[in-house]
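Chain identifiers are assigned alphabetically (A, B, ...) following the order of the sequence lines, protein sequences preceding nucleic acid strands; residue numbering begins at 1 within each chain.
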There are 2 protein chains.
Amino acid sequence: MRIGELATKAGVSVRALRYYEEQGLLTAARSSGGQRHYLDDAVDRVYLIQMLYAAGLSSRTILDLLPCVDAKVNTPQSRAMLRAERDRIDRQITQLRQARKRLDEVIALSESPASGCTRADTDAAVA
Amino acid sequence: MRIGELATKAGVSVRALRYYEEQGLLTAARSSGGQRHYLDDAVDRVYLIQMLYAAGLSSRTILDLLPCVDAKVNTPQSRAMLRAERDRIDRQITQLRQARKRLDEVIALSESPASGCTRADTDAAVA
DNA sequence: GTAAAACCTGACGTTCACGTGAGGGAAAAG
DNA sequence: CTTTTCCCTCACGTGAACGTCAGGTTTTAC
(Lines give C-alpha, C1' and ligand atoms only; values in the text may rest on other atoms or scores of the structure.)
Protein backbone atom coordinates (compact mmCIF):
# COMPACT_ATOMS: atom_id res chain seq x y z
CA MET A 1 0.00 0.00 0.00
CA ARG A 2 1.05 3.59 -0.48
CA ILE A 3 1.43 6.26 2.15
CA GLY A 4 -2.04 7.73 1.88
CA GLU A 5 -3.72 4.40 2.52
CA LEU A 6 -1.47 3.62 5.45
CA ALA A 7 -2.18 7.01 6.92
CA THR A 8 -5.92 6.40 6.70
CA LYS A 9 -5.73 2.86 8.08
CA ALA A 10 -3.47 3.84 10.96
CA GLY A 11 -5.31 7.04 11.71
CA VAL A 12 -2.34 9.37 11.42
CA SER A 13 -1.31 12.03 8.93
CA VAL A 14 0.86 11.45 5.90
CA ARG A 15 3.28 13.96 7.35
CA ALA A 16 3.55 11.92 10.52
CA LEU A 17 4.49 8.81 8.57
CA ARG A 18 7.24 10.66 6.71
CA TYR A 19 8.41 11.99 10.04
CA TYR A 20 8.56 8.49 11.51
CA GLU A 21 10.69 7.41 8.58
CA GLU A 22 12.91 10.42 9.06
CA GLN A 23 13.39 9.35 12.67
CA GLY A 24 14.21 5.81 11.61
CA LEU A 25 11.08 4.32 13.17
CA LEU A 26 9.45 3.16 9.96
CA THR A 27 10.98 1.93 6.74
CA ALA A 28 9.40 1.64 3.34
CA ALA A 29 10.23 0.11 0.00
CA ARG A 30 10.34 2.54 -2.87
CA SER A 31 8.80 2.19 -6.30
CA SER A 32 10.85 3.02 -9.37
CA GLY A 33 9.31 6.46 -9.23
CA GLY A 34 10.38 7.00 -5.65
CA GLN A 35 7.05 6.42 -3.92
CA ARG A 36 6.85 4.64 -0.60
CA HIS A 37 5.25 1.22 -0.42
CA TYR A 38 4.33 -0.47 2.83
CA LEU A 39 3.44 -3.99 3.84
CA ASP A 40 0.22 -4.68 5.71
CA ASP A 41 1.95 -5.05 9.04
CA ALA A 42 3.06 -1.43 8.85
CA VAL A 43 -0.34 -0.54 10.27
CA ASP A 44 0.45 -2.37 13.49
CA ARG A 45 3.88 -0.84 13.57
CA VAL A 46 2.36 2.62 13.41
CA TYR A 47 -0.08 1.69 16.15
CA LEU A 48 2.85 0.66 18.29
CA ILE A 49 4.75 3.84 17.59
CA GLN A 50 1.71 5.90 18.48
CA MET A 51 1.27 3.93 21.67
CA LEU A 52 4.82 4.61 22.73
CA TYR A 53 4.52 8.28 21.86
CA ALA A 54 1.36 8.39 23.94
CA ALA A 55 3.32 6.86 26.80
CA GLY A 56 5.61 9.86 26.68
CA LEU A 57 8.57 8.27 24.95
CA SER A 58 10.64 10.35 22.58
CA SER A 59 11.51 9.38 19.02
CA ARG A 60 14.99 8.61 20.14
CA THR A 61 13.86 6.29 22.92
CA ILE A 62 11.40 4.55 20.63
CA LEU A 63 14.18 4.14 18.10
CA ASP A 64 16.23 2.38 20.76
CA LEU A 65 13.35 0.21 21.91
CA LEU A 66 11.97 -0.98 18.59
CA PRO A 67 14.78 -3.44 17.87
CA CYS A 68 14.03 -5.00 21.26
CA VAL A 69 10.34 -5.26 20.44
CA ASP A 70 11.28 -6.91 17.16
CA ALA A 71 13.37 -9.31 19.23
CA LYS A 72 16.34 -8.49 17.07
CA VAL A 73 18.35 -7.14 19.93
CA ASN A 74 18.54 -8.68 23.35
CA THR A 75 21.47 -7.62 25.44
CA PRO A 76 21.76 -6.82 29.14
CA GLN A 77 21.77 -3.17 28.14
CA SER A 78 18.64 -3.45 26.06
CA ARG A 79 16.81 -5.27 28.84
CA ALA A 80 17.88 -2.61 31.32
CA MET A 81 16.54 0.03 28.97
CA LEU A 82 13.23 -1.76 28.66
CA ARG A 83 12.88 -1.99 32.41
CA ALA A 84 13.88 1.64 32.81
CA GLU A 85 11.17 2.78 30.44
CA ARG A 86 8.60 0.54 32.05
CA ASP A 87 9.49 2.02 35.43
CA ARG A 88 9.23 5.49 34.00
CA ILE A 89 5.74 4.68 32.79
CA ASP A 90 4.90 3.31 36.23
CA ARG A 91 5.99 6.53 37.85
CA GLN A 92 4.00 8.50 35.33
CA ILE A 93 0.90 6.43 36.10
CA THR A 94 1.45 7.10 39.80
CA GLN A 95 1.65 10.82 39.12
CA LEU A 96 -1.49 10.70 37.04
CA ARG A 97 -3.30 8.83 39.79
CA GLN A 98 -2.30 11.54 42.26
CA ALA A 99 -3.58 14.25 39.97
CA ARG A 100 -6.75 12.32 39.40
CA LYS A 101 -7.24 11.90 43.13
CA ARG A 102 -6.72 15.61 43.66
CA LEU A 103 -9.25 16.47 40.99
CA ASP A 104 -11.69 13.98 42.47
CA GLU A 105 -11.45 15.67 45.83
CA VAL A 106 -12.18 19.01 44.23
CA ILE A 107 -15.09 17.50 42.32
CA ALA A 108 -16.48 15.92 45.44
CA LEU A 109 -16.31 19.23 47.24
CA SER A 110 -17.89 21.14 44.40
CA GLU A 111 -20.74 18.67 44.11
CA SER A 112 -21.54 18.39 47.78
CA PRO A 113 -24.20 20.88 48.84
CA ALA A 114 -21.85 22.02 51.60
CA SER A 115 -19.13 24.68 51.50
CA GLY A 116 -18.95 27.75 49.33
CA CYS A 117 -21.18 26.96 46.43
CA THR A 118 -21.47 30.05 44.28
CA ARG A 119 -25.17 29.11 44.12
CA ALA A 120 -24.95 29.31 40.33
CA ASP A 121 -25.47 25.62 40.91
CA THR A 122 -28.96 25.15 42.17
CA ASP A 123 -30.15 28.13 40.19
CA ALA A 124 -28.81 27.70 36.70
CA ALA A 125 -28.80 23.91 36.74
CA VAL A 126 -32.46 23.78 35.87
CA ALA A 127 -32.63 26.88 33.69
CA MET B 1 10.31 34.48 50.91
CA ARG B 2 11.85 35.61 47.64
CA ILE B 3 11.79 33.83 44.34
CA GLY B 4 15.08 31.99 44.72
CA GLU B 5 14.07 30.39 47.98
CA LEU B 6 10.69 29.37 46.61
CA ALA B 7 12.37 27.88 43.57
CA THR B 8 14.64 25.80 45.78
CA LYS B 9 11.87 24.69 48.13
CA ALA B 10 9.51 23.77 45.33
CA GLY B 11 12.19 22.18 43.19
CA VAL B 12 11.64 24.27 40.09
CA SER B 13 13.61 26.98 38.34
CA VAL B 14 13.29 30.67 38.95
CA ARG B 15 12.37 31.04 35.31
CA ALA B 16 9.52 28.60 35.74
CA LEU B 17 8.08 30.62 38.61
CA ARG B 18 8.18 33.81 36.56
CA TYR B 19 6.53 31.88 33.75
CA TYR B 20 3.73 30.69 36.06
CA GLU B 21 3.11 34.26 37.10
CA GLU B 22 3.07 35.31 33.46
CA GLN B 23 0.42 32.66 32.84
CA GLY B 24 -1.62 33.87 35.79
CA LEU B 25 -1.10 30.71 37.83
CA LEU B 26 0.90 32.27 40.64
CA THR B 27 0.72 35.73 42.16
CA ALA B 28 3.26 37.50 44.30
CA ALA B 29 3.46 40.60 46.42
CA ARG B 30 6.15 43.05 45.41
CA SER B 31 8.68 44.83 47.57
CA SER B 32 9.26 48.55 47.13
CA GLY B 33 12.13 47.63 44.88
CA GLY B 34 9.97 45.45 42.68
CA GLN B 35 11.06 42.05 43.95
CA ARG B 36 8.56 39.22 44.33
CA HIS B 37 7.63 38.02 47.79
CA TYR B 38 5.75 34.81 48.40
CA LEU B 39 3.87 33.34 51.34
CA ASP B 40 4.75 29.89 52.65
CA ASP B 41 1.77 28.25 51.00
CA ALA B 42 3.16 29.21 47.61
CA VAL B 43 5.26 26.05 47.83
CA ASP B 44 2.15 23.90 47.86
CA ARG B 45 0.66 25.93 45.08
CA VAL B 46 3.71 25.27 42.93
CA TYR B 47 3.51 21.58 43.79
CA LEU B 48 -0.08 21.59 42.60
CA ILE B 49 0.78 23.39 39.39
CA GLN B 50 3.55 20.91 38.70
CA MET B 51 1.20 18.03 39.41
CA LEU B 52 -1.30 19.33 36.91
CA TYR B 53 1.40 19.95 34.32
CA ALA B 54 2.59 16.41 34.88
CA ALA B 55 -0.94 15.24 34.27
CA GLY B 56 -0.73 16.76 30.83
CA LEU B 57 -2.81 19.87 31.45
CA SER B 58 -1.90 23.07 29.67
CA SER B 59 -1.32 26.41 31.36
CA ARG B 60 -4.65 27.57 30.06
CA THR B 61 -6.51 24.60 31.48
CA ILE B 62 -4.75 24.92 34.80
CA LEU B 63 -5.65 28.59 34.84
CA ASP B 64 -9.28 27.62 34.41
CA LEU B 65 -9.13 24.92 37.05
CA LEU B 66 -7.30 26.71 39.83
CA PRO B 67 -10.24 28.88 40.87
CA CYS B 68 -12.24 25.67 41.26
CA VAL B 69 -9.53 24.13 43.40
CA ASP B 70 -9.55 27.26 45.50
CA ALA B 71 -13.30 26.80 45.80
CA LYS B 72 -13.79 30.30 44.55
CA VAL B 73 -15.73 29.25 41.52
CA ASN B 74 -18.36 26.56 41.47
CA THR B 75 -20.69 26.64 38.52
CA PRO B 76 -22.18 23.87 36.39
CA GLN B 77 -19.61 24.76 33.75
CA SER B 78 -16.71 24.55 36.14
CA ARG B 79 -17.87 21.18 37.45
CA ALA B 80 -18.23 19.90 33.90
CA MET B 81 -14.71 21.08 33.17
CA LEU B 82 -13.36 19.32 36.24
CA ARG B 83 -15.04 16.08 35.26
CA ALA B 84 -13.82 16.43 31.67
CA GLU B 85 -10.23 16.78 32.80
CA ARG B 86 -10.56 13.90 35.22
CA ASP B 87 -11.90 11.74 32.40
CA ARG B 88 -9.03 12.84 30.17
CA ILE B 89 -6.61 11.73 32.85
CA ASP B 90 -8.42 8.42 33.12
CA ARG B 91 -8.06 7.84 29.41
CA GLN B 92 -4.40 8.76 29.63
CA ILE B 93 -3.89 6.25 32.44
CA THR B 94 -5.56 3.59 30.32
CA GLN B 95 -3.22 4.34 27.44
CA LEU B 96 -0.22 4.20 29.74
CA ARG B 97 -1.37 0.87 31.12
CA GLN B 98 -1.56 -0.49 27.58
CA ALA B 99 1.93 0.70 26.80
CA ARG B 100 3.19 -0.72 30.04
CA LYS B 101 1.58 -4.06 29.29
CA ARG B 102 3.18 -4.09 25.86
CA LEU B 103 6.59 -3.35 27.31
CA ASP B 104 6.08 -6.01 29.94
CA GLU B 105 5.44 -8.57 27.24
CA VAL B 106 8.62 -7.60 25.49
CA ILE B 107 10.52 -7.76 28.75
CA ALA B 108 9.11 -11.15 29.57
CA LEU B 109 10.16 -12.44 26.18
CA SER B 110 13.62 -10.98 26.41
CA GLU B 111 14.19 -12.43 29.85
CA SER B 112 12.88 -15.90 29.16
CA PRO B 113 15.62 -18.26 28.04
CA ALA B 114 13.46 -19.16 25.05
CA SER B 115 13.27 -17.48 21.64
CA GLY B 116 15.96 -15.51 19.91
CA CYS B 117 18.26 -14.47 22.68
CA THR B 118 21.33 -12.89 21.17
CA ARG B 119 23.18 -14.92 23.81
CA ALA B 120 24.91 -11.74 24.93
CA ASP B 121 22.71 -12.54 27.90
CA THR B 122 24.08 -15.64 29.52
CA ASP B 123 27.57 -14.71 28.50
CA ALA B 124 28.08 -11.14 29.52
CA ALA B 125 25.72 -11.22 32.46
CA VAL B 126 28.41 -12.65 34.70
CA ALA B 127 31.40 -10.91 33.17
C1' DG C 1 30.24 52.23 51.90
C1' DT C 2 31.24 48.87 48.80
C1' DA C 3 31.18 44.51 46.82
C1' DA C 4 28.86 40.27 46.10
C1' DA C 5 24.48 37.92 45.71
C1' DA C 6 20.15 37.79 44.25
C1' DC C 7 16.62 39.84 41.53
C1' DC C 8 14.44 42.58 37.70
C1' DT C 9 12.62 43.02 32.69
C1' DG C 10 12.90 42.05 27.98
C1' DA C 11 13.80 39.09 24.36
C1' DC C 12 15.77 35.56 21.59
C1' DG C 13 16.90 30.33 21.61
C1' DT C 14 15.49 25.35 22.18
C1' DT C 15 13.12 20.93 21.62
C1' DC C 16 9.45 17.92 19.72
C1' DA C 17 6.13 16.17 16.74
C1' DC C 18 4.36 17.38 13.52
C1' DG C 19 1.29 21.38 10.12
C1' DT C 20 1.50 23.72 5.99
C1' DG C 21 2.42 25.45 1.63
C1' DA C 22 5.70 25.58 -2.77
C1' DG C 23 6.96 23.58 -6.80
C1' DG C 24 7.22 19.56 -9.40
C1' DG C 25 6.98 14.28 -10.71
C1' DA C 26 4.25 9.47 -10.59
C1' DA C 27 0.17 6.61 -10.96
C1' DA C 28 -4.52 5.30 -11.55
C1' DA C 29 -8.89 6.82 -14.26
C1' DG C 30 -11.19 8.27 -18.33
C1' DC D 1 -3.07 10.93 -24.05
C1' DT D 2 -4.80 13.78 -20.83
C1' DT D 3 -6.71 14.68 -16.45
C1' DT D 4 -7.10 14.02 -11.85
C1' DT D 5 -5.30 12.27 -7.77
C1' DC D 6 -1.70 11.00 -5.19
C1' DC D 7 3.00 11.39 -4.08
C1' DC D 8 7.80 13.51 -3.79
C1' DT D 9 11.34 16.70 -1.47
C1' DC D 10 12.64 20.87 0.64
C1' DA D 11 11.83 24.08 4.05
C1' DC D 12 9.65 27.37 7.03
C1' DG D 13 5.86 27.73 10.77
C1' DT D 14 3.77 26.28 15.35
C1' DG D 15 2.79 25.89 20.37
C1' DA D 16 4.21 24.83 24.93
C1' DA D 17 7.25 25.32 28.82
C1' DC D 18 10.71 26.87 29.82
C1' DG D 19 16.58 27.95 29.11
C1' DT D 20 19.68 31.52 28.59
C1' DC D 21 22.01 35.81 27.82
C1' DA D 22 22.10 41.01 28.21
C1' DG D 23 22.04 45.02 30.78
C1' DG D 24 20.64 47.10 34.86
C1' DT D 25 18.64 47.41 39.96
C1' DT D 26 17.93 45.82 44.79
C1' DT D 27 19.32 43.40 48.97
C1' DT D 28 22.45 41.45 51.83
C1' DA D 29 27.11 40.75 53.77
C1' DC D 30 31.31 42.49 55.29
Side-chain angles (χ1 to χ4, degrees), chain A residues 1-39 42-43 45-66 85 88-89 92 95-96 99, chain B residues 1-39 42-43 45-66 85 88-89 92 95-96 99:
Chain A
M1 73 178 78
R2 291 191 296 168
I3 199 170
E5 192 180 346
L6 177 58
T8 301
K9 283 186 178 173
V12 302
S13 70
V14 168
R15 177 67 173 99
L17 294 179
R18 294 206 187 100
Y19 178 75
Y20 299 161
E21 182 174 318
E22 195 181 316
Q23 301 300 308
L25 308 179
L26 190 63
T27 57
R30 296 296 185 120
S31 73
S32 58
Q35 300 203 350
R36 292 169 180 85
H37 283 266
Y38 301 92
L39 299 177
V43 179
R45 162 66 50 138
V46 174
Y47 283 152
L48 174 59
I49 294 174
Q50 286 282 104
M51 170 181 283
L52 295 178
Y53 272 133
L57 308 201
S58 67
S59 292
R60 176 68 219 205
T61 306
I62 296 177
L63 180 60
D64 292 339
L65 288 185
L66 283 181
E85 284 309 316
R88 216 187 45 71
I89 292 177
Q92 204 172 331
Q95 284 194 4
L96 281 175
Chain B
M1 72 177 69
R2 291 192 295 168
I3 198 169
E5 191 180 346
L6 176 57
T8 301
K9 284 187 178 173
V12 303
S13 70
V14 168
R15 177 67 172 96
L17 295 179
R18 295 206 187 100
Y19 177 75
Y20 298 162
E21 182 175 320
E22 196 181 315
Q23 300 300 307
L25 308 179
L26 190 63
T27 57
R30 295 297 185 119
S31 74
S32 58
Q35 300 203 350
R36 292 169 180 84
H37 282 267
Y38 300 92
L39 300 177
V43 179
R45 163 66 51 138
V46 174
Y47 282 152
L48 174 60
I49 293 174
Q50 287 280 103
M51 170 181 283
L52 295 177
Y53 272 133
L57 308 200
S58 67
S59 291
R60 176 67 220 206
T61 306
I62 296 177
L63 180 61
D64 292 339
L65 289 186
L66 282 182
E85 284 309 316
R88 216 187 45 69
I89 292 177
Q92 205 172 329
Q95 284 195 4
L96 280 175

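- Comparing His37(B) and Leu17(A) by the nucleotide of DNA chain C that holds the closest heavy atom to each, the one mapping nearer the 5' end is His37(B).
- Note on Ser58(A): every side-chain N or O is 4.0 Å or more away from OP1 and OP2 of dA17(C).
- Here dT27(D) is the nucleotide among dG19(D), dT27(D), dA27(C) with the atom lying nearest to any side-chain atom of Arg2(B).
- Taking atom CD on Glu5(B) and atom P on dT26(D), their separation rounds to 21 Å, with Å as the unit.
- The Tyr19(B) side chain lies nearest to dC18(D) when the options are dC8(C), dC18(D), dC18(C).
- With no hydrogens or angles considered, a side-chain donor-acceptor pair links Ser59(B) and Tyr53(B) at under 3.5 Å.
- The separation between Leu63(A) atom CG and dA17(C) atom C1' is 15 Å, rounded to whole Å.
- Separating the CD atom of Glu22(A) from the C1' atom of dC16(C) is a distance of 12 Å, rounded to the nearest angstrom.
- At the heavy-atom level, Ile49(A) lies nowhere under 4.0 Å from the strands shown.
- For the pair Leu66(A)/Arg45(A), a side-chain contact is recorded, criterion being any heavy-atom separation below 4.5 Å from C-beta on.
- Listed here is the closest heavy atom pair of Ala55(A) and Gln92(A): O-OE1, 3.4 Å.
- Closest approach to the Ile3(A) side chain among dA17(D), dC8(D), dA17(C) is made by dC8(D) (side chain taken as heavy atoms from C-beta onward).
- Taking atom CE of residue Met1(B) and atom P of nucleotide dC7(C), one finds them 12 Å apart after rounding to whole Å.
- Closest approach of Gly24(A) to Leu63(A), counting heavy atoms only: O-CD1, 3.4 Å.
- When rounded to the nearest whole Å, the span between OH of Tyr20(B) and C1' of dG19(D) equals 13 Å.
- One can place CG of Leu6(B) at 14 Å from C1' of dC7(C), the figure rounded to the nearest angstrom.
- Arg30(A) comes within contact range of the sugar-phosphate backbone alone, with a heavy-atom separation under 4.0 Å but no base atom that close.
- Nearest nucleotide to the Arg36(B) side chain, out of dC18(C), dT27(D), dC8(C): dC8(C).
- Heavy-atom distances to DNA chain D give each of Gln50(B) and Gly34(B) a nearest nucleotide, and the one nearer the 5′ end belongs to Gln50(B).
- As a whole-Å value, the separation of Leu57(B) CG from dC18(D) P is 13 Å.
- Residue Arg18(B) is in base contact, counting any heavy-atom pair closer than 4.0 Å across all strands shown.
- Here the nucleotide nearest the side chain of Arg15(A), chosen from dC7(D), dC18(D), dA11(D), is dA11(D).
- For dA17(D), one of the phosphate oxygens OP1 or OP2 lies less than 4.0 angstrom from a side-chain nitrogen or oxygen of Ser59(B).
- Contact detail for Leu39(B) and Met1(B): the closest heavy-atom pair is O-CE, 4.4 Å.
- Residue Gln35(B) has its side chain nearest to dT26(D) when only dC18(C), dA27(C), dT26(D) are considered.
- Of the side-chain N and O atoms in Ser13(B), one or more sit less than 4.0 angstrom from OP1 or OP2 of dG19(D).
- Taking only side-chain nitrogens and oxygens, Ser31(A) never comes nearer than 4.0 Å to OP1 or OP2 of dA26(C).
- Inspection of the Arg30(B) and Gln35(B) side chains reveals no N or O donor paired with an N or O acceptor under 3.5 Å.
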